[in-house]
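Heads up: the structure comes next, in structure tokens.
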Amino acid sequence: MISYLSEINDIKRASERALKSIGLQVNFTVSETTMPSFGDITTNAAFLISKAKKVSPSEAITLFLTNFAPASQELIKVAPHPNGFINFWLNTEFFNKFINNIISQKGFGHVDIMPQKIAIEHTSVNPNKALHVGHARNVIIGDTFYRLLKRLGHHVIVLNYIDDTGIQVADLLIGFKEMGFNVDGDDQKFDHYCGDVVYVKANKVIENDLRLKKIRSNVLKELEGGGEIYTFANHIVSRVVSEQLKSSWNLGARYDLLNWESHFLHAGYWNKVFDILKSKGAVQYISEGKNAGCWTLKGKKVLVRSDGTTVYTAKDLIYAAWKLGIVNDVFGYSVFADQWDGTPLMTTVLNKNGVKLYDSVDVSYIVIDQRQEPIQQMIKDVIEDIDPNKKYKIISYGLVALSKNTAEKINANIGNERFVHMSGRSGIFFNLDDLYLMVKKTATEIINKRNASLENKERVAEGIAVSAIRYSLLRIDLEKQIIFDIDDALKLEGDTGPYLQYSLARAIKIVEKFGSIKIPCDVGVLNSEEERELLLNLTKFDYKLIKSYDAVSLSTIASYAHELAAQFNVFYEGRRVIDEKNEQIRNARGCAVLAFTYIMNDLLQILGIPILKDL
RNA sequence: GGGCCCGUAGCUCAGCAUGGAUAGAGCGCUGGCCUGCGAAGCCGGAGGUCGCGGGUUCAAAUCCCGCCGGGCCCGCCA
């Protein structure tokens, strides 16, 4: 497919040949320009020639150009700038080829990349509580990266790991078993009831009660063993997970498989993994010092305690090894739930009579918050050391905290602090479901004010809520801490998800009213700056996707989508389409608008933003 | 003490991968634009020592070093 990317690559190859024939091998760049007046693509090759050959910039340019012969010469005009840059303009033929391709295949189509088998794990929230806005960041990052991988043509499986044998679940169980909380819940959603009421209270009491602490450690042991308590836990945990899933699904996320910590333990995975670790020399036995009697990673991090039990990191290692096929899969599989997109969500089962489902992958991504990065880094080192053909990739993101204003709204007093970190234990968190309902309510109010006769108001308000929430978390760089503010979250104008939906809706309306477009398109008549900029940016679709993938930067796609939408809006305000008198121009603009709808549609799909024809 | 991340306009953020030519958005403030494809929009104005200092370079918001400020991690917890 011809695109901005294909031309950049062509110019790169041609420049390499040119430099080679001059006798140079230097690290030049071919990149986007900073301003429209500098052309569409630029290279710094002449600077480097000038320096290496000790000639003037203008001589360097001449030297370069006499040896420069791109394959698609007819699509590019070269425009050297006296100060030393060599700029390139993409010409009408290029844009016509691109636009006609998009229109004939109703979209951009295949992106050129080597497909891989990939697993991505995200969400993985302890099953004792509801998802809060911090978890939402994890879900949205994971789901969007999944959508990007999928769009690029990779074979992807989405995993969600349930730690059903941990201390948080144990606390919850004690709340039910020992403290008299009603297992049937009250009238709120079961995950909210467990997290907001039972767990918070149970944890507080247990921490100050020796008897209950003792019971808790027994519960923990029994959970790993799989007795009567485990059956009870299973019942509670499944209900919580089912409710958590509803929250994720609301945001447009989906999964392929649930993995349970208890299944890995009951299937005896640790011994298999431990054997491999020992045989590869990845673990060390410590015979003296404070870690005497323990097995460690890198001689530091304890994996197996002196009493022979394992620490939590061992479970992460088991899971990592299983994902990448370093240990064999012994599970059976069955359907856990049907999802909104029509796909089944599978779960492992311990009796292996189900079909084989999981085929180990070559690359595994895990989405985690920054606090867990060091330990995951250690796991990555160990795993990639054991099998260098496998890749264990970490996507980490900054924590989501609550602004002072937001904390006060959930009755948390934070004194003079500017923000507060969320904590399930102390009851300081902002539940995702609450956020969703609040944004939906605000959207409904706006709809009633501006577009009261709209059909499906409920569905539209939901679509707006999803877009606002997803976009606001995606537009911010992964590394950055987010201080969540509910008032900001309820703003639906400006650089927001609804802005993208709105621009696409406008474009779709034009396409509907336009009538039939004559093909092939000739967009050569669109020579105003705003028209050309729109066309140019459309051609950058695969360039931006690949950049986003390579750098694991979802804000790259978010800003690209925003930029495109803004350019479309400028075009929309400045140029008429349907009632344009000049038939040639009218048709060309119709082509541009149609191509915009295809590309924007694709981008919103990747961002997980619902496409609304009316809002 | 060791390590990781962040610092760009009053506020929230792009830009940094691969150094480049006039640093961009949104919110807020302010002045305009609906008898015309949807005003959740568009156009204009005010607002910037790119945390500070040094270094590399023809060229630094971008790379390197140091410092300051903010956040986080460093358990035989999970």
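Letters A, B, ... are given to chains in the order of the sequence lines, protein chains preceding strands, and every chain is numbered from 1. This structure is a prediction, so every number in the text was calculated from the model and none was measured. Reckoned from all heavy atoms, side chains included, excluding hydrogens, waters and symmetry mates.
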Pair A:Trp295 and A:Phe274, ring centroids less than 6.0 Å apart: yes

Min side-chain heavy-atom separation A:Lys393-A:Ile366 under 4.5 Å: no

Sugar-phosphate, base or nothing in reach of A:Asp485, heavy atoms under 4.0 Å: nothing

Touch class at under 4.0 angstrom, heavy-atom based, for A:Phe514 against every strand present: nothing

Nucleotide paired to B:G75 in any strand shown, Watson-Crick or G-U, under 3.5 Å: none

Under-4.0 Å side-chain N/O to phosphate OP1/OP2 contact, A:His81 with B:A21: no

G-U wobble or Watson-Crick pairing nucleotide for B:G66 (cut-off 3.5 Å, both distances): B:C52

Check: A:Asn569 side chain, B:A40 base, donor-acceptor under 3.5 Å: no

pair A:Asn87-A:Ile41: side-chain heavy atoms closer than 4.5 Å: no

Side-chain N,O (A:Tyr312) to OP1/OP2 (B:A78) below 4.0 Å: no

Side-chain N or O of A:Arg450 closer than 4.0 Å to phosphate OP1/OP2 of B:G41: no

Sugar-phosphate, base or nothing in reach of A:Lys491, heavy atoms under 4.0 Å: sugar-phosphate

Nucleotide B:G71, atom C1' - distance to CD of A:Glu373 in whole Å: 14 Å

OP1 or OP2 of B:A78 under 4.0 Å from side-chain N/O of A:Arg216: no

Sugar-phosphate, base or nothing in reach of A:Ile464, heavy atoms under 4.0 Å: base

Sugar-phosphate only, base, or nothing, as touched by A:Val577 at under 4.0 Å among non-hydrogen atoms: base

Ring centres under 6.0 angstrom apart (A:His421, A:Phe419): yes

Touch class at under 4.0 angstrom, heavy-atom based, for A:Ala292 against every strand present: base

Sugar-phosphate, base or nothing in reach of A:Phe419, heavy atoms under 4.0 Å: sugar-phosphate

B:A78 phosphate, OP1 or OP2, under 4.0 Å from A:Arg305 side-chain N/O: yes

Watson-Crick or G-U wobble mate for B:G19, both contacts under 3.5 Å: none

Contact under 4.0 Å: A:Tyr499 side-chain N or O vs B:C42 OP1/OP2: yes

Spacing between A:Phe484 atom CZ and B:G71 atom P, to the nearest angstrom: 21 Å

Sidechain N-carboxylate O distance under 4.0 Å for A:Glu493, A:Arg450: yes

Sugar-phosphate, base or nothing in reach of A:Lys54, heavy atoms under 4.0 Å: nothing

Parallel, tilted or perpendicular: rings of A:His562 and A:Tyr499 (30°, 60°): tilted

Sugar-phosphate only, base, or nothing, as touched by A:Thr42 at under 4.0 Å among non-hydrogen atoms: base

Whole angstrom value for the distance that separates P of B:A17 from CZ of A:Phe28: 17 Å

Touch class at under 4.0 angstrom, heavy-atom based, for A:Lys513 against every strand present: sugar-phosphate

Identity of whatever pairs with B:C42 - Watson-Crick or G-U, under 3.5 angstrom: B:G32

Below 4.0 Å: OP1/OP2 of B:C16 and any side-chain N or O of A:Lys547: yes

